[in-house]
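A short worksheet on the structure shown next.
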Amino acid sequence: MDAKYFPKNIEKKWQDHWHRERLFETRADPALKKFYLLEMFPYPSGRIHMGHVRNYTIGDVVARFLRMQGYNVLHPMGWDAFGMPAENAAIKAKTHPAKWTYDNIDYMRGQLQKLGFSYDWSREFATCDVSYYRWEQLFFLKMYERGLAYKGSAYVNWCGTCQTVLANEQVEGGACWRCDQPVVQKEMEQWFFKITAYVEELLDYTFKLPGWPERVLAMQQNWIGKSLGSEIIFPMESGGAGIKVFTTRADTLFGATFMSLAPEHPLVAEICRTAVQRDAIEAFVERAKQAQRSDRTADLLEKEGVFTGSYCINPMTQEKMPIYVANFVVMEYGTGAVMAVPAHDQRDFEFARKYGLPIKVVIKPEDLTGIPPAESLTEAYEEDGVLVDSGTFSGMTSARAREAITAALAGREQGRQTVQYRLRDWGISRQRYWGAPIPIIYCDQCGTVPVPEADLPVVLPTDVAMLPNGASPLPVCEAFNRTVCPQCAGPARRETDTMDTFVESSWYFARFACADYTAGPLDKERVDYWLPVDQYIGGIEHAVLHLLYSRFFVKVLRDMGYVDMDEPFLNLLTQGMVIKDGAKMSKSKGNVVDPDEMIEAYGADTVRLFCLFASPPERDLDWSEQGVEGSFRFLARVWRMVAENLDHLRAAPAYAGNGDLPADLLELHRKTHQTIKKVTEDIRDRFHFNTAIAAVMELVNQIYQTLENNGKSGESRRVLRKAVETVILCISPMVPHIAEELWRCLGHQESVMKMPWPAWSEQALKTEETLIVVQVNGKLRSRITVPSGATEEALRRAAVDDGKIQDFIGGKKVKKVVVVPNKLVNIVV
RNA sequence: GCCUGGGUGGUGGAAUAGGUAGACACAAGGGACUUAAAAUCCCUUGGAGCUCAGCUCCGUGCGAGUUCGAUUCUCGCCCCAGGCACCA
């Protein structure tokens, strides 16, 4: 054994050993309690970054810990391998996306292996493998059959830079999530997944996932955006269909004095044909659309509108309401038409004042007598209150009136109660090459025809040349494009859009249960055993995207009979970012720390240890080179602890007695068991590795102290050996290489990973004496030592009799004494 | 505006059920070993004050409250981060 700690001498050795012994490969075994631990798989961008290292280190600790606790642990890894960067890189480097991707995978797999992560590599796959995406095409066909995949025309988000459509979830503040360039609205034919068919269940379960962080659930609820309200039809003055609006404030209907339409509203064109202000309207609509394109960042935009010349009728007051086109009304939400109640909606108020439209007060605060005159208002009163000037509904509270007015309208078929969601269907068409082809054929005779299941997979052709302008080569690839219609055998063309890569990541976790299965997408027996994922770990950035899509997909797979679960991820841990100098690591800031360099300089164990020790997982981690050195120093100290005492430690078995020991050994014995308890609970209940490591550091410090003061009696050797072995076992999930090496140096033949997790003895935790804090009027005044388990009365007496306490009490009268057994006494005078 | 987190020493962080605020580490300062350096080991380290072996007061973003006792619970505010947003 080396006298000093050289990670290079041991890390590769043990990685190879574990791999040879196949220690991390698992099989389904109903006799064993299973645990499916999963970290979000990476996109093979070239090299792993510190965020990955942190994410996967956290997962690895839990996996190794649970194995030692006797669980049958599934801990797989794979590659989210389709996506745009491969195309861009291929164009730049004049290579092929497939080659670029698979090369990256090879390199990154090596990086993960160098970190000693305990993956079952036999289950590895990349989502760009035909053997994976072929099954995704099957799912698409089954969804098509059920009407869950459909083609529709809609205004979609178009990223000019990426030359593709984006889902709503993939637009962040008006910009593309990938390239951060502005997104424009474009009307296009698109394939959609009908996620809205599951909207209620998706929302429901956000209240039934206790193992998820509150904020992720809140973000999903927010995204789904359910709001209860009423649909109201306003008849046109000139007769005809009438205008349908959605409102959450049916109670304000008597105050609706005009109507606002979105510029894209179909009725606008209709009114336009007949109205006198046709030109003005057309110009306005064009301008409004332009404005939305260039700058959607809301409140900068001045509220503007133009009168259409037409009127509709308020179904309650029967009064004429002028119809305006307004730039702040969006087509995407509700019906694209809004009843304007200027007295009780701030936007309508500003609009009414600007264009001199009538303002009518119909709600007043409950504690107010009399109706505030509309002319005196400085802003809209948006709160609930009591109805006034509202016919038979006057005097009702807002809440009651919403129901009563809606019911009255329903009786006349002019309205009903309804629910609105913000969530839209998931647009999955991507006008990109490097993705899974959508298995659809277009025939002039038969129209849209799904590829028959027997003809799957539709293989993405690899012998294509990338186009220098970045557009997909598929539409110009005749070999792929030209085909025959499966129905009439006539000439036909293939769909050349590919699927959003979030489709792949929506079910990869299920495929890991049976990655070798060829008879279908999922082997039900194994999937039923392993899933759902017991613990999922990844970044918060997928709070809505990947985590919502996966939840939807699992419900679809369930309804198709592929899986038996309602939700894919039982428990979710979202780890914080890795930052340096107060900012996220990025090339532009020049603060990127390369994992390879860190491993080279300090070894994998040190890098892992620092990631765990610097902060608890859910918080951001501030990278500090000095902190890394501190972690290395600790491991070197542990190494020396063994190396310098190897002969003594090897000469005795670990102490297994019940604590009949001299004082300093008893103290070490107790500390040993305290540490086991602390580390076990910190990892198992909270994933707080930082405090677990701190506890082990304390134990190491105490071992050093005991070594200094103690002879080398047989008894002390045994107690020390127990303490040292406890250190090794406790750190083994976090720093597995050094733990394995030290464990073997102590003479063990079997891997430390095969040891059962240590158990603490309650007996060993007990102390003969306990330190009691004594307060006077809630302020700390003295500490006394009493026999453990002393009665309240004894504690009270000991506290009052204490000399220092006597000084504080003086002659004053003791009003009350609060006694907390084994903790504290508080004397109130 | 709404919804989530969060605010503790010079720094990262700890205090898990309302009960010793600052565990563990980093940095800094001092010392030991050494011809010297590195490595290692030991000590000090929230602030202010005092009659300085010790003791007192203050201190967990700010202000109230509940309590014998509040970093922890309640109410009101301030600041920071993230998410959503002319959402009707």
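Proteins get letters first, then strands, A, B, ... in listed order; numbering begins at 1 in each.
Rounded to a whole angstrom, the distance from the P atom of B:C57 to that of B:A70 is 15 Å. When the C1' atom is compared between B:U45 and B:C26, the two are found 13 Å apart, to the nearest whole Å. B:G9 and B:G63 have their P atoms separated by 15 Å, given to the nearest Å. Nucleotides B:U8 and B:A21, compared at atom C1', are 8 Å apart to the nearest Å. Between B:C73 and B:G18, the distance separating the two P atoms is 7 Å to the nearest Å. Remark: the separation of the P atoms in B:C58 and B:U11 is 24 Å, to the nearest Å. Look at the P atom in both B:U72 and B:G61: the space between them is 8 Å, to the nearest Å. Rounded to the nearest Å, the gap between the C1' atom of B:U20 and that of B:G59 is 15 Å.
For A:Ser227, whose side chain is taken as the heavy atoms from C-beta onward, the closest listed nucleotide among B:U40, B:A88, B:C57 is B:A88. In this structure, of B:C84, B:C87, B:U16, it is B:C87 that holds the atom nearest to the side chain of A:Arg347. Nearest nucleotide to the A:Thr691 side chain, out of B:A15, B:C24, B:C87: B:A15. For A:Thr247, the listed nucleotide lying nearest its side chain is B:A88; candidates were B:G12, B:G13, B:A88. Taking every side-chain heavy atom of A:Gln626 into account, B:A27 is the closest of B:G12, B:G19, B:A27. Taking only side-chain atoms of A:Arg781, from C-beta outward, the nucleotide of B:U20, B:G12, B:C57 with the closest atom is B:C57. Side-chain proximity of A:Val329 to the nucleotides B:A21, B:A88, B:C24 is greatest for B:A88. Comparing B:U40, B:C86, B:C24 against the side chain of A:Arg640 picks out B:U40 as the nearest. The nucleotide whose nearest atom lies closest to any side-chain atom of A:Glu698 is, among B:C24, B:U56, B:G13, B:C24. The side chain of A:Ala218 sits closest to B:U4 out of B:U20, B:U4, B:C87.
Ion pairing of A:Glu698 with A:Lys671 is present here, as a side-chain N (NZ or NE/NH1/NH2) and a carboxylate O approach within less than 4.0 Å. In this structure, A:Arg422 does not pair ionically with A:Glu332, as no charged nitrogen and carboxylate oxygen lie closer than 4.0 Å. Salt-bridge check for A:Lys4 with A:Asp2: failed, with every basic side-chain N at 4.0 Å or more from each acidic carboxylate O. Taking a cutoff of 4.0 Å between a charged side-chain nitrogen and a carboxylate oxygen, A:Asp802 and A:Lys804 do not qualify as a salt bridge.
With sequence neighbours excluded, the residues forming a ring-ring contact (aromatic ring centres under 6.0 Å, His included) with A:His546 are A:Tyr536, A:His542, listed by chain and number.
If you check every strand for non-hydrogen atoms under 4.0 Å, A:Pro616 touches sugar and phosphate atoms only. The residue A:Asn690 sits close only to the backbone: its heavy atoms come under 4.0 Å of sugar-phosphate atoms, none of a base. Within the 4.0 angstrom heavy-atom criterion, no nucleotide atom of any strand lies near A:Phe634. Among the heavy atoms of the strands lying under 4.0 Å from A:Phe808 are primed sugar atoms or P, OP1, OP2 only; no base atom is included.
The separation between A:Asp345 atom CG and B:C87 atom C1' is 11 Å, rounded to whole Å. Computed from coordinates, the A:Arg215 CZ to B:A81 C1' distance equals 9 Å when rounded to whole Å. In this structure, A:Met331 atom CE and B:C87 atom C1' are separated by 14 Å, rounded to whole Å. To the nearest angstrom, P of B:U40 lies 10 Å from CZ of A:Arg637. Computed from coordinates, the A:Phe234 CZ to B:A88 P distance equals 16 Å when rounded to whole Å. As rounded to whole Å, 13 Å separates atom C1' of B:C55 from atom CG of A:Leu780. Going from atom CG of A:Leu707 over to atom C1' of B:C42 covers 16 Å, rounded to whole Å. Here B:C84 presents its P atom at 13 Å from CD of A:Glu541, a figure rounded to the nearest Å.
For A:Arg686 and B:A15, the shortest distance from a side-chain N or O to OP1 or OP2 is below 4.0 Å. For B:C58, the OP1/OP2 oxygens have a side-chain nitrogen or oxygen of A:Lys779 closer than 4.0 Å. Of the side-chain N and O atoms in A:Arg619, none sit less than 4.0 angstrom from OP1 or OP2 of B:A81. OP1 and OP2 of B:C3 both lie 4.0 Å or more from every side-chain N or O belonging to A:Arg422. One finds a side-chain N or O of A:Asn701 lying less than 4.0 angstrom from the OP1 or OP2 phosphate oxygen of B:A25. Checking the phosphate oxygens (OP1, OP2) of B:A25, no side-chain nitrogen or oxygen of A:Arg633 falls inside 4.0 Å.
A:Ser788 and A:Thr770 share a donor-acceptor pair across their side chains, judged by distance under 3.5 Å alone.
Position along RNA chain B of the nearest nucleotide to A:Gly630 versus A:Lys804 favours A:Gly630 as the more 5'-ward residue. Taking the nucleotide of RNA chain B with the nearest heavy atom to each of A:Asp348 and A:Gly627, the more 5' of the two is matched to A:Gly627.
A donor-acceptor pair under 3.5 Å links the side-chain atoms of A:Gln220 to the main chain of A:Ala543, judged by distance alone. At least one donor-acceptor pair under 3.5 Å links the side chain of A:Thr308 to the backbone N or O of A:Ile323.
For B:C41, the glycosidic angle deviates from 0 by more than 90°, giving an anti base. By the rule that a glycosidic angle within 90° of 0 means syn, B:G13 does not qualify and counts as anti.
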Would you list the protein and nucleotides 64-70 of chain B atom pairs, both N or O, that sit under 3.5 Å from each other?
| residue | atom | partner | partner atom | Å |
| --- | --- | --- | --- | --- |
| B:C68 | OP1 | A:Lys816 | NZ | 3.4 |
| B:C68 | O2' | A:Asn826 | ND2 | 3.3 |
| B:C68 | O2 | A:Asn826 | ND2 | 2.3 |

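In this structure, A:Phe613 has its ring center no closer than 6.0 Å to that of A:Phe634. A ring-centre distance under 6.0 Å is found for A:Phe610 and A:Trp623.
Counting only Watson-Crick and G-U wobble pairs whose two key distances fall under 3.5 Å, RNA chain B forms stems of three or more stacked pairs at B:1-7 with B:78-84, B:10-12 with B:24-26, B:28-32 with B:40-44, B:46-50 with B:54-58, B:61-65 with B:73-77.
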* Please step through ring pair (Phe, Tyr, Trp, His ring centres under 6.0 Å) for the pair A:Phe258 and A:Tyr355, ending with a clear verdict. => CA-CA 11 Å; A:Phe258 61 101; A:Tyr355 295 105; 8.8 Å; no
* **A:Phe632 and A:Tyr5: CA distance, side-chain angles, deciding distance, ring pair (Phe, Tyr, Trp, His ring centres under 6.0 Å) verdict** => CA-CA 9 Å; A:Phe632 180 83; A:Tyr5 171 48; 5.4 Å; yes
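Evaluated for a side-chain contact (heavy atoms from CB on, under 4.5 Å) with A:Ile693, the options A:Ile731, A:Asp682, A:Val735, A:Leu612 yield exactly one hit, A:Leu612.
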